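Just so it is clear, the model here is predicted, and its values are computed rather than measured.
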Amino acid sequence: MATELIENKLKLLPAKPGCYLMKDINGTVIYVGKSKNLKSRVRSYFKSKQVGRRAELVQEIRDYDIITVSTDKEAFLLEVTLIKKYQPYYNVQLKQGTGYPYIEITHERDPQTRLTSIVHKDGGYYFGPYPNVYAAQATLKFIQKVFPLRRCHGNEGRPCLYYHMGQCLGACFKTVPKEEYDKQIKKIKSFLNGDIAWVKRDLTKKMQKASKKLEFERAAEIRDQLRYIEETVEKQKIISNDNTQRDIFNFYVDRSWISIQVFFLRQAKLLRRETKMFPLTDTEDPEDEFTSFIVQFYGQRNRILPKEVLVPDGINNEALSEVIKVPVRTPKRGQKRSLLNMAKDNAKLKIDDKFRLLELGNRKTKGAQKEIFDALGLPYGHVIESFDHSHIQGADPVSALVVFKDGEPDKTSYRKYKLKGAVEHQNGGDEVRNTREVVRRRYSRLLREHKKMPDLILMDGGQIQVDACEDVLRNELNLNIPVAGMVKDNKHRTNHLLFGDPINGVPLKLIPMDPKSQGFYLMTRIQDEVHRFAITFHRRTHAKNALSSRLDSIKGIGPKSRNKLLRNFGSLKKIKGASIDELRKVGLSLAQAQSVKLTL
């Protein structure tokens with residue numbers, strides 16, 4: 001719903017290209033966009049139905065600013081500048097850099113090879129990026145051994161250790177001719193561009209030789225080095241006939257989402273790929289958003305510009321090329337067109353997988369929870385809470401609460417309760433009291449703290465628990481939360497829900513659940529989870545209480561001494577195994593320590 005201020009400003013919008021800045025109640029820029037026609041684009045935010053993340057954005061907008069420009073190119077550049085400046089929350093957040101290392105030949109009088117994750121426009125040679133860091137490290141070590149440049153700081157006045165190892169050309173104590181460096185650099189470039197057949201032959205011979213000498217560790221090292229070099233330099237499939245550094249972009253749109261696929265071709269091989277998916281609104285032009293993505297992509301730090309960018313039909317190649325300073329082309333046929341189509345196929349595959357996984361996940365979670373609510377004749381609710389009690393013939397009664405949100409356990413919301421009353425297990429009379437106690441404690445607290453109530457309560461039991469729960473809710477707390485019981489059959493298998501509201505005149509009845517349905521699986525999962533949680537809590541409580549009781553029965557051991565033993569040893573086994581001296585170290589007298597040893 002647009003504010004009065006926004007409604008008035010919408011009437012003044014010009015039909016010109018430019019950028020718009022959406023602001024929240026604090027005046028913070030939360031979204032930056034561009035358009036060929038500011039009037040139609042900005043109005044669409046408030047005059048068209050929005051869904052998902054864009055709906056959230058519109059709810060937060062309290063004002064906006066616009067900046068008009070003359071051309072699409074200026075709009076591209078301005079949008080990138082504004083996004084960098086304001087870092088708006090609702091803009092697509094692209095990762096800064098690739099996070100992958102490059103092998104660099106530095107641009108210096110005495111060059112060196114090294115790994116770097118930051119690319120500078122300093123005249124150096126950069127190869128990569130390489131997805132496998134370990135492979136890149138191993139490849140660099142090989143280069144430094146076989147094609148040495150400089151390994152030391154230079155100007156040391158004496159040969160360095162690397163020079164004696166044959167891994168430095170001697171810049172540490174002499175002037176190395178530039179021609180010598182150039183010769184080595186040429187070999188390194190050839191190697192990193194894929195000329196490694198001779199390397200593989202040489203390493204394979206060394207590995208076999210080490211193995212014959214039973215030097216298995218050395219053979220394993222060479223094997224790993226060979227594998228890493230193959231992975232870094234050779235492993236990628238050759239898919240191009242030339243060595244042009246090329247980035248390929250394509251996209252696919254489905255159900256108001258856009259999936260963008262980027263292929264990185266280096267040394268005639270598909271070295272790496274990236275995928276980005278984000279939602280669109282009905283008013284956003286996919287080609288426009290795709291182009292904007294590319295501009296932002298190359299506007300990041302640590303991006304090496306390729307020699308060529310390939311994009312699909314429908315893109316303003318000339319304007320895009322001017323902005324990113326790289327030739328942008330759309331191939332019509334041949335191998336490049338096939339690569340472009342392959343990028344689109346991969347973009348479609350990614351978005352199809354996203355929706356398939358969402359559908360499968362929702363069917364097992366939200367869909368399963370909906371089946372439970374449908375079976376009870378209730379509108380869908382997001383939160384189900386379930387209770388179970390645990391005791392051993394009335395000793396140490398406890399209760400446990402588990403919470404499921406949209407079909408998934410919300411473990412941060414689980415709660416444990418030590419119950420006050422003893423349980424007369426044979427007649428079940430205090431099963432009612434325990435249910436009443438835990439329900440009263442749980443929901444009176446939610447009322448006091450003004451927190452949201454659950455949409456359904458599932459009791460692990462039959463009519464006794466359901467009646468007790470509903471009595472507290474309706475007659476004491478004035479709450480109308482639906483309550484159902486998870487009921488077992490004569491073979492001790494849960495396959496029915498007991499539901500009704502006798503207090504309000506709706507008799508309880510058994511509702512069968514299809515054992516093949518997702519709702520049935522969710523019901524049994526909730527029951528298993530609350531039972532597990534209650535049993536685990538009870539075992540810990542009972543063990544602690546049993547140990548305390550055993551210590552209390554020892555002559556001369558009072559509450560303070562008992563707590564010292566519990567705090568320092570924690571278990572009966574450790575107390576039994578402790579020596580007299582160890583018992584005295586925690587604060588017991590000699591008589592007390594002797595009493596503990598004799599009794600246990």
Presence of salt bridge, R151 and D110, under 4.0 angstrom = no
Pairwise distance NZ(K11) to CD1(I6) - rounded to 0.5 angstrom = 13.0 Å
Parallel, tilted or perpendicular: which fits the ring planes of [X] and [Y], with parallel below 30° and perpendicular above 60°?
X	Y	result
F191	F147	tilted
F297	F249	perpendicular
Y45	Y20	perpendicular

Nearest heavy-atom approach of D406 to Y380 is OD1-OH, 2.7 Å
Considering all heavy atoms of both residues, which atom of G124 and which atom of H107 are nearest to each other, and what is their separation?
-> N-CB, 3.6 Å
Hey, are the side chains of [X] and [Y] touching, using non-hydrogen atoms and a 4.5 Å cut-off?
X	Y	answer
D254	D352	yes
L203	F142	yes
Y443	P454	yes
Q112	H153	no
E287	N316	no
Y89	E60	no
V311	R329	no

Distance-only polar pair, side chains of Y252 and D345, donor-acceptor under 3.5 Å = no
Using the six-membered ring of Y64, assess whether NZ or CZ of K23 lies under 6.0 Å from its centre and within 45 degrees of the ring axis.
-> no
Looking at F293, does the NZ or CZ of K276 lie under 6.0 angstrom from its six-membered ring centre and within 45 degrees of the ring axis?
-> no
Can S413 and D410 be said to form a side-chain hydrogen bond (donor to acceptor under 3.5 Å, both in side chains), step by step?
-> CA-CA 6 Å; S413 299; D410 178 19; 2.6 Å; yes
Any sub-3.5 Å donor-acceptor pair from T113's side-chain atoms to I105's backbone N or O?
-> no
